[in-house]
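Residues take their numbers from the sequence shown, with the count starting at 1. Remember, it's 1-based here, ligands and their atoms both numbered in the order they're listed.
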Amino acid sequence: MALPIRQQLGLRPIINVSGTMTGLGASIVVSEAVEAITAVLPEFVEISDLQRKASAVIARLCGSEAGFVTASCSAGITLSVAACMTGSDLSAIERLPDTTGLKNEVLIQTGHMVGYGAPVEQGIRLAGAGVVPVGQATHVAGYQLAGAITERTAAAVYVISHHAVQYGMLPLKQFCDIAHSKGVPVIVDAASEYDLRGFLEAGADIALYSSHKFLGGPTGGIVAGSKDLVRATYLQNNGIGRGMKVGKEGMVGTIAALTAWEKRDHEGIRRREKAALDLWLQRLNGRPGVVVTIDPDPTHNPLDRLKVSVEPQAAHITAWDLADAMSRGTPPIIVRDHEVEHGYFYLDPCNLHEGEETVVADRLTEELDKARASNEIIASDLGERLARREASITAWPD
Ligand SMILES: *Cc1c(COP(=O)(O)O)cnc(C)c1O
């Protein structure tokens, strides 16, 4: 029998309790998508017809008039911004990123100017648009959005993400009402959201999702919205969208993942995730210097995570050193450590294979036991850790 693929390629057999991360291979692609992709790869198809089929499926699930599949949600931001500038004018589409003669300003609340591996605002600028931040990092009022709209305004972008500031922003409905009262379309980046309908229902003209996140599809982006704007977004494939193209496998895989989503046993998945959280809670509870709680998802996806707070004096290790020990161990386990400087990390149960929750519990207790047995507190310098990470990014491919 052939070796498992990661072994063949000499890759570490990581366990992902970090969440759905591009840098870790996104999500576990559902078997329906894997089968559909395998079936279509050797065949020819008429791509615009395949995208028409995708449009119907996206429309059914998202409650939109139309939709199509692009390379990523990030590509969807760039292409939909482009569409708001050019409409269906093919000559304007070919001229981008030159926006001479077009409306070319895009509004975004300052607290939404986040990064997901790349800056959201760069996705806007890639189309040739200029970014106009609205309000302050933690406060945006309706008059600030209304006052930022000019005759140059092409679109307004709204980001739903755990990275974004979670208070003081305009609610989506109010954001849409103000933008629409001045004829400005609203694009919602909902890359990681489970709710396929609510943002369009709240008034968004375009909603964007990643195929490869909670849906368990292949790498891709879903553009859903009004027919005119989806069409203008699709037509960008004749211009700047060429470098963001998705193949037949991405379209077919996304259709299959969406169809599977309709039939998925969501309750059963929640029960499995809850069982993993309960196991971790039970195994870690009461350990010296460790406090565990089950935390809901910050953007209200139906997903809980285990928050593991580590008090170094009692645990004899810092949260970040524990996270690093997990990722260096056998097997390597990648925890969710975006906020680790505050002394905690999360365990995300949404990407586990059968039995991996036990491995995670065993490895964590093993590292905690080892730290307790050490005479010194394991506490590396956070600044040096950040510098090491940065150096390792720029050192690629070494
Ligand atoms: C993941 C993410 C993106 C990027 O999505 P891709 O499909 O990977 O390009 C954009 N916005 C938010 C809020 C995200 O979480």
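The shortest separation from a heavy atom of Ile160 to ligand 1 is under 4.0 Å, placing the residue in contact. Ligand 1 lies within reach of Lys213, whose nearest heavy atom is under 4.0 Å from it.
Remark: ligand 1 and Val159 share no N or O pair separated by less than 3.5 Å (distance only, no angle test). Ligand 1 has no nitrogen or oxygen under 3.5 angstrom from a nitrogen or oxygen of Tyr116. Taking any N or O of Ser161, backbone or side chain, none lies under 3.5 Å from an N or O belonging to ligand 1.
Contact detail for Thr318 and Val310: the closest heavy-atom pair is C-CG1, 4.1 Å. Here the closest non-hydrogen pair linking Tyr116 and Asp189 is CE2-OD2, 4.3 Å.
For atom 9 (O) of ligand 1, the nearest non-hydrogen atom from the set Ser211, Ala190, Gly220, Ser74 belongs to Ser74.
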Could you go through Ile222 and Leu196, starting from their C-alpha distance and side-chain angles, then the distance that decides it, and tell me whether this counts as side chain to side chain contact (heavy atoms under 4.5 Å, CB included)?
CA-CA 10 Å; Ile222 294 167; Leu196 292 171; 5.8 Å; no
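Interface atoms of ligand 1 facing Ser210, defined by a heavy-atom separation under 4.0 Å, are 5 (O), 6 (P), 7 (O). The Ser192 neighbourhood of ligand 1 comprises atoms 15 (O), with distances under 4.0 Å to a heavy atom of that residue. Set against the non-hydrogen atoms of Thr22, the atoms of ligand 1 under 4.0 Å away are 8 (O). In the vicinity of Ser72, heavy-atom distances shorter than 4.0 Å reach the ligand 1 atoms 6 (P), 7 (O), 9 (O). For ligand 1, the atoms lying closer than 4.0 Å to a non-hydrogen atom of Asp189 are 10 (C), 11 (N), 12 (C), 13 (C).
For Glu267 and Arg270, the salt-bridge test fails: no basic side-chain N is under 4.0 Å from an acidic carboxylate O. Electrostatic pairing of Asp369 and Arg372 does not count as a salt bridge here, judged by no charged N lying under 4.0 Å from a carboxylate O.
Using a 4.0 Å cut-off between heavy atoms, His212 contacts ligand 1 through its side chain alone, with no backbone atom that close.
Using a 4.5 Å heavy-atom cutoff, the side chains of Val120 and Met113 are not in contact.
Put simply, Val230 and Val246 are part of two different groups of oily side chains (I, L, V, M, F, W, Y) that touch within less than 4.5 Å, one to the next.
Tyr344 and Tyr346 have perpendicular rings, their planes meeting at more than 60° on a 0 to 90° scale where under 30° would count as parallel.
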